[in-house]
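See below for the structure under consideration.
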Protein chains: 2
Amino acid sequence: MLIGAKRGVEMDKPVERAPVAAATRDARRRLPPGERRQQIVDGAVAFFAEVGLEGNTRDLARRLGVTQSLIFRYFATKDDLIEAVYEQVYLERLSPDWPDRLTDRTTPLRDRLLDFYTQYSALIFQSEWMRIFMFSGLAGAALNRRYLQQLSGVLLKPLLAEVADAATRGPTPTMEDIWNLHGGIVYIGIRQHIYGMPCPDDPSEAIERAIDRFLCAFGVA
Amino acid sequence: MLIGAKRGVEMDKPVERAPVAAATRDARRRLPPGERRQQIVDGAVAFFAEVGLEGNTRDLARRLGVTQSLIFRYFATKDDLIEAVYEQVYLERLSPDWPDRLTDRTTPLRDRLLDFYTQYSALIFQSEWMRIFMFSGLAGAALNRRYLQQLSGVLLKPLLAEVADAATRGPTPTMEDIWNLHGGIVYIGIRQHIYGMPCPDDPSEAIERAIDRFLCAFGVA
DNA sequence: ATTTTTATAGATCAATCGATCAACAAGAAT
DNA sequence: ATTCTTGTTGATCGATTGATCTATAAAAAT
């Protein structure tokens with residue numbers, strides 16, 4: 001639906017131009033394979049995030065300023081390209097030091113939660129991540145479940161232990177309680193990037209209040 | 001991806017059969033237009049919920065046990081069919097008596113919240129609704145935003161007023177706080193039907209605890 | 001300069017898509 | 001039984017899709 005208008009490929013008049021160092025601009029000719037591949041993946045991430053994983057390769061190529069056949073030089077099949085998009089988007093999304101900092105009891109639990117969700121929300125509250133995560137989830141992608149299982153095991157489960165340890169009143173916290181805290185925060189990004197609803201430009205205040213309510217119910221400072 | 005296997009249309013041997021009253025089974029021939037249209041819409045809801053709004057009309061027709069061309073007898077275009085799917089799914093999803101019951105201060109706020117979210121979750125925690133809502137949201141459908149705006153104006157905003165009135169401590173509740181409560185609950189359905197994650201078969205306990213935590217933070221009984 | 005390598009473009013294929021149309025047949029009317 | 005209406009089918013069109021192939025030209029090697 002209303003993807004970019006048809007535009008000429010404008011390959012005439014090879015205007016003289018000083019050689020660019022990074023070579024990310026000047027989407028013209030004969031890039032070293034590594035760069036070209038990365039350029040295609042980056043473009044594909046943005047493109048598929050907008051129009052969905054069923055967006056066609058011709059529109060993607062046009063947006064890249066490149067022929068459609070070139071894409072298939074670097075990826076044997078469209079599914080391979082999508083797989084590369086998944087890897088690019090999912091890779092290293094869970095910072096390896098979060099588990100440690102989340103369980104570091106030398107700092108108050110509230111601060112740990114605040115730090116974690118401030119950083120995590122800054123990382124995932126982006127159109128590309130949010131939408132590709134949702135598209136791939138709906139498509140039943142294995143990477144999606146793997147990500148959530150890892151999130152659960154590496155971050156949320158330790159988090160539950162921390163909350164349980166710090167709790168001074170209320171019911172024994174369960175995994176569902178943690179998911180509820182998590183979901184309520186993530187839902188801000190869903191409202192913004194999936195539903196296109198107006199949202200606070202800075203979600204940190206809403207996040208802080210959600211965390212405080214959560215801890216309050218368990219009698220944590 | 002792995003939609004039903006190719007199967008013959010099995011229209012030979014018109015096995016004698018007693019005329020069925022409801023006529024929902026025996027997807028064979030010459031249904032009155034109203035019934036056939038409804039059958040197509042019902043099938044389309046289930047079909048598009050599974051494979052997405054870009055599922056093709058031939059697979060849908062095959063699933064209905066009907067020719068593809070027949071679909072276009074009842075819907076001039078595929079977009080018209082999708083529009084009918086939207087109407088079918090979105091129609092009357094917000095019960096008209098909820099606003100009144102949600103603001104009926106003769107019953108405790110906790111009971112009202114519990115009643116509302118018990119019924120609401122039972123209504124929307126279904127694959128068809130959840131997935132079509134997400135598909136249409138990603139597609140940028142206008143109906144999607146309209147629904148959320150109505151939800152916000154008719155239910156969540158009054159709810160905010162109720163919470164603000166009942167609050168005895170904590171910060172002044174904001175709309176973002178209500179969205180957080182709502183999102184945390186809805187996220188259960190997202191985990192289940194969009195991400196395909198294991199979830200409690202009965203979410204009412206998780207919902208109850210979420211509501212209690214929310215009210216607790218504002219000092220409501 | 002000349003040759004060699006290969007990244008890229010352009011043309012094109014086969015499959016699939018939404019959509020159309022004429023012919024058929026089920027069921028009501030007579 | 002015959003006619004008439006119209007719900008339904010099967011064949012097919014034109015556009016679009018992912019994917020392939022060959023010719024070209026940019027850049028490295030000589």
Side-chain angles (χ1 to χ4, degrees), chain A residues 1-4 6 8-17 19-20 23 26-40 43-44 47-48 51-62 64-85, chain B residues 1 3 6 8-17 19-20 23 26-40 43-44 47-48 51-62 64-85:
Chain A
M1 305 156 179
L2 62 127
I3 313 163
K6 188 174 297 179
V9 194
E10 62 193 42
M11 56 168 300
D12 35 343
K13 294 176 190 163
V15 180
E16 247 87 310
R17 205 194 307 257
V20 182
D26 189 11
R28 275 188 75 84
R29 298 209 154 192
R30 224 173 170 73
L31 263 57
E35 287 185 32
R36 181 65 82 187
R37 192 193 135 98
Q38 190 57 45
Q39 178 199 18
I40 293 175
F47 176 68
F48 288 133
V51 306
L53 301 174
E54 326 215 6
N56 65 69
T57 54
R58 279 178 178 80
D59 286 331
L60 168 59
R62 195 173 305 135
L64 289 169
V66 145
T67 16
Q68 180 236 5
S69 57
L70 187 65
I71 295 175
F72 288 92
R73 161 103 182 181
Y74 290 88
F75 300 93
T77 168
K78 187 190 171 185
D79 282 338
D80 286 0
L81 174 58
I82 291 180
E83 209 58 39
V85 166
Chain B
M1 303 152 179
I3 312 163
K6 191 174 297 183
V9 194
E10 61 194 41
M11 54 167 303
D12 35 343
K13 293 175 190 163
V15 180
E16 248 84 313
R17 205 196 305 256
V20 183
D26 187 11
R28 277 188 73 85
R29 299 214 153 187
R30 223 171 170 76
L31 263 57
E35 286 186 32
R36 180 65 81 186
R37 191 193 135 97
Q38 188 58 45
Q39 178 199 17
I40 292 176
F47 176 68
F48 288 132
V51 307
L53 300 176
E54 324 217 6
N56 64 69
T57 54
R58 280 177 178 81
D59 286 332
L60 168 59
R62 196 174 304 132
L64 288 168
V66 145
T67 22
Q68 180 236 5
S69 56
L70 187 65
I71 295 176
F72 288 92
R73 161 101 184 182
Y74 290 89
F75 301 93
T77 168
K78 188 189 171 187
D79 282 337
D80 285 0
L81 173 59
I82 291 181
E83 208 59 38
V85 167

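Computed from a predicted structure; not experimentally measured. Quick note: numbers below take in every heavy atom, side chains included, and nothing from hydrogens, waters or symmetry partners. Throughout, protein chains are lettered first and strands after them, A, B, ... in sequence-line order, and every chain is numbered starting at 1.
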- Note on the structure: Per-nt protein contacts along nucleotides 23-28 of chain D (heavy atom under 4.0 Å; B base, S backbone sugar-phosphate only, - none) come out as --SBS-
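Residue B:Tyr74 places no side-chain N or O under 4.0 Å from the OP1 or OP2 atom of D:dG7.
Residue B:Phe75 is out of contact with every strand shown, counting any heavy-atom pair closer than 4.0 Å. At the heavy-atom level, B:Pro32 lies nowhere under 4.0 Å from the strands shown.
Nearest heavy-atom pair, B:Leu53 versus B:Ile82, reported as atom, atom and distance to 0.1 Å: O-CD1, 3.7 Å. Shortest non-hydrogen contact noted between B:Leu64 and B:Gly43 is CD2-CA, 3.9 Å. Contact record, B:Ala44 with B:Val85: CB-CG2, 3.6 Å, taken as the closest heavy-atom pair. Taking every heavy atom of both residues into account, A:Val51 and B:Glu54 meet most closely at O-OE2, 4.5 Å. The nearest pair of heavy atoms linking A:Phe72 to A:Lys78 is CE2-N, 4.0 Å.
In this structure, CG of A:Leu70 is placed 15 Å from C1' of D:dT22, rounded to the nearest angstrom. One interatomic measurement links the two molecules: CD of B:Glu35 to P of D:dT8, which rounds to 10 Å at whole-angstrom precision. In this structure, the NZ atom of B:Lys78 is 12 Å from the C1' atom of C:dA19, given to the nearest Å. If you measure from atom CG of B:Leu31 to atom P of C:dG27, you get 10 Å, rounded to the nearest angstrom. Atom CD in B:Glu83 sits about 17 Å away from atom P in C:dG18, given to the nearest Å. One can place CG of A:Asn56 at 8 Å from C1' of D:dT16, the figure rounded to the nearest angstrom. Atom CD1 in B:Ile71 sits about 14 Å away from atom P in C:dT20, given to the nearest Å. Atom CD of A:Gln68 is separated from atom C1' of C:dT8 by 13 Å (rounded to the nearest Å).
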- Could you please spell out the steps behind the side chain to side chain contact (heavy atoms under 4.5 Å, CB included) verdict for B:Asn56 and B:Gln68? CA-CA 10 Å; B:Asn56 64 69; B:Gln68 180 236 5; over 6 Å; no
- Message: Assess the residue pair A:Glu83 and A:Phe75 against the criterion (side chain to side chain contact (heavy atoms under 4.5 Å, CB included)); give the C-alpha distance rounded to whole Å, side-chain angles, the decisive distance to 0.1 Å, and a yes or no.
- Response: CA-CA 10 Å; A:Glu83 209 58 39; A:Phe75 300 93; over 6 Å; no
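The A:Thr67 side chain lies nearest to C:dT8 when the options are C:dT8, D:dG18, C:dG18. Nearest nucleotide to the B:Arg73 side chain, out of C:dT8, D:dT6, C:dT20: D:dT6. Out of D:dT9, D:dG7, D:dT17, the shortest distance to the side chain of B:Val66 is found at D:dT9. Of all nucleotides listed (D:dA19, D:dT9, C:dG18), D:dA19 comes nearest to the side chain of A:Phe72. The A:Ser69 side chain lies nearest to D:dT20 when the options are D:dT20, D:dT8, C:dC21.
Considering only heavy atoms from C-beta on, B:Leu81 stays 4.5 Å or farther from B:Tyr74 through its side chain.
Interface remark: the B:Thr77 side chain does not form any donor-acceptor pair with the C:dG18 base, using a distance-only criterion of under 3.5 Å. Evaluation of atom-type donor-acceptor distances gives a pair under 3.5 Å for the side chain of B:Arg58 against the base of C:dG18.
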